[in-house]
Amino acid sequence: MITPTLPVDEESRLARLRILGLLDREPIAQLDRLTRLISRHFELPVALVSLTDVDRQWFLSRTGIPLCEISREHSFCGHAILQPGIMQVPDARIDPRFADNPLVLGPPHVVFYAGRPLQALDGVVLGTLCLVDSKPRTLDEAQRQDLDDFGLLVESTLHDLERRH
């Protein structure tokens, strides 16, 4: 397993999460509706809006998984926030970054992962919109566009919260 490195703007990113009060908060109904729709649209069991904190991945919204958070060390999203576009892992069991990850080897048995970074109004990456499945798969170009469009909807909700703050 390869632990994700820290973003260059880590301090300002973490400060933004705290200032906006996005961690450890009550669910946001609009995001919960979106994750349910995303899960059905892509026909997969898990869809998450995850925020990358100091040492954990906290799920602001989740469908299909009972966990509220996981260790940042084991997170796929910790890798996804480091790149500008969608990060796709067709089969984590054969990807050197994740093959021996406890989330792959045991519950929830992550095999497929796709994550789209979610940005604040000024472009700081707060977390990801991610798709998870227990079987291998690959998003085609139309599905990648759908994931990006859904990501824009999630960002719109986060931006509304940011403006109100």
Side-chain angles (χ1 to χ4, degrees), residues 1-28 30-32 34-35 38 46-92 95-108 110-133 139 144 147-165:
M1 186 179 80
I2 299 171
T3 303
T5 60
L6 297 178
V8 293
D9 64 346
E10 181 71 351
E11 287 183 36
S12 62
R13 200 184 64 68
L14 292 171
R16 177 69 50 80
L17 287 171
R18 282 184 207 22
I19 289 167
L20 294 175
L22 292 173
L23 298 167
D24 300 309
R25 63 167 289 151
E26 291 297 314
I28 299 171
Q30 185 171 343
L31 292 178
D32 288 344
L34 275 171
T35 55
I38 291 165
V46 178
L48 306 162
V49 173
S50 66
L51 303 174
T52 307
D53 196 4
V54 173
D55 58 0
R56 66 183 174 143
Q57 195 74 38
W58 188 73
F59 305 135
L60 181 60
S61 178
R62 66 189 192 278
T63 295
I65 193 169
L67 303 171
C68 295
E69 64 182 56
I70 59 169
S71 165
R72 183 172 180 174
E73 173 187 12
H74 299 136
S75 77
F76 286 62
C77 300
H79 292 273
I81 64 170
L82 299 173
Q83 58 187 60
I86 293 170
M87 182 182 98
Q88 189 170 183
V89 180
D91 191 337
D95 188 308
R97 295 171 293 179
F98 309 110
D100 60 348
N101 186 310
L103 301 171
V104 174
L105 298 174
V110 176
V111 175
F112 167 77
Y113 170 90
R116 187 234 189 243
L118 299 170
Q119 298 180 347
L121 285 167
D122 65 357
V124 171
V125 176
L126 303 172
T128 58
L129 169 61
C130 37
L131 311 176
V132 176
D133 202 345
L139 298 180
R144 289 174 66 88
L147 179 55
D148 191 51
D149 288 343
F150 279 122
L152 290 170
L153 291 172
V154 171
E155 282 179 342
S156 178
T157 299
L158 296 175
H159 294 168
D160 287 346
L161 290 169
E162 199 172 353
R163 284 185 199 98
R164 281 188 233 140
H165 185 75

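No donor-acceptor pair closer than 3.5 Å links the side chain of Glu73 to the backbone N or O of Thr3. A distance-only check finds no donor-acceptor pair linking the side chain of Glu162 to the backbone of Ala120 [under 3.5 Å]. Judged by distance alone, with hydrogens and angles left aside, the side-chain atoms of Arg13 form a donor-acceptor pair with the main-chain N or O of Thr52 at under 3.5 Å. The closest donor-acceptor contact from the side chain of Gln57 to the backbone of Cys77 lies at 3.5 Å or more, if one exists at all. Put simply, the side chain of His74 never gets that close to the backbone of Pro102: no donor and acceptor are under 3.5 Å apart. Counting only distance, with no hydrogens or angles, the side chain of Arg16 and the backbone of Leu126 share no donor-acceptor pair below 3.5 Å.
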Q.
Go through it in stages, so that I can follow the logic: the residues are Leu60 and Leu158, the test is side-chain contact (heavy atoms from CB on, under 4.5 Å), and I'd like the CA-CA distance, side-chain angles, deciding distance and then a yes or no.
A. CA-CA 11 Å; Leu60 181 60; Leu158 296 175; 3.8 Å; yes
Q: Kindly determine whether Ile70 and Leu103 satisfy side-chain contact (heavy atoms from CB on, under 4.5 Å), including the steps that lead there.
A: CA-CA 9 Å; Ile70 59 169; Leu103 301 171; 3.5 Å; yes
Q.
Set out, in order, the CA-CA distance, both residues' side-chain angles and the distance that settles side-chain contact (heavy atoms from CB on, under 4.5 Å) for Val54 and Leu14, then state yes or no.
A. CA-CA 7 Å; Val54 173; Leu14 292 171; 3.6 Å; yes
(Q) I'd like to know whether Leu131 forms a side-chain contact (heavy atoms from CB on, under 4.5 Å) with Ile38, so could you lay out the CA-CA distance, the side-chain angles of the two residues, the decisive distance to 0.1 Å, and finally the verdict. (A) CA-CA 8 Å; Leu131 311 176; Ile38 291 165; 3.4 Å; yes
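Here the CH2-CG distance, from Trp58 to Leu17, works out to 10.5 Å after rounding to the nearest 0.5 Å. Rounded to the nearest 0.5 angstrom, Phe59 CZ and Cys130 SG are separated by 6.5 Å. Taken to the nearest 0.5 Å, the CG atom of Leu118 stands 10.5 Å off from the CG atom of Leu22. Here OG1 of Thr128 is found 11.5 Å from CZ of Phe76. Values are rounded to the nearest 0.5 Å.
Taking the charged nitrogens against the carboxylate oxygens, Arg72 and Asp53 have no contact shorter than 4.0 Å, which rules out a salt bridge.
Here the side chains of Arg62 and Leu67 are not in contact, with every heavy-atom distance at 4.5 Å or above.
Under the 30°/60° scheme for interplanar angles, the aromatic rings of His79 and Phe98 are found to stand perpendicular.
A side chain to side chain contact (heavy atoms under 4.5 Å, CB included) with Val49 is found for one member of Thr35, Asp32, Thr157 and no other, namely Thr35.
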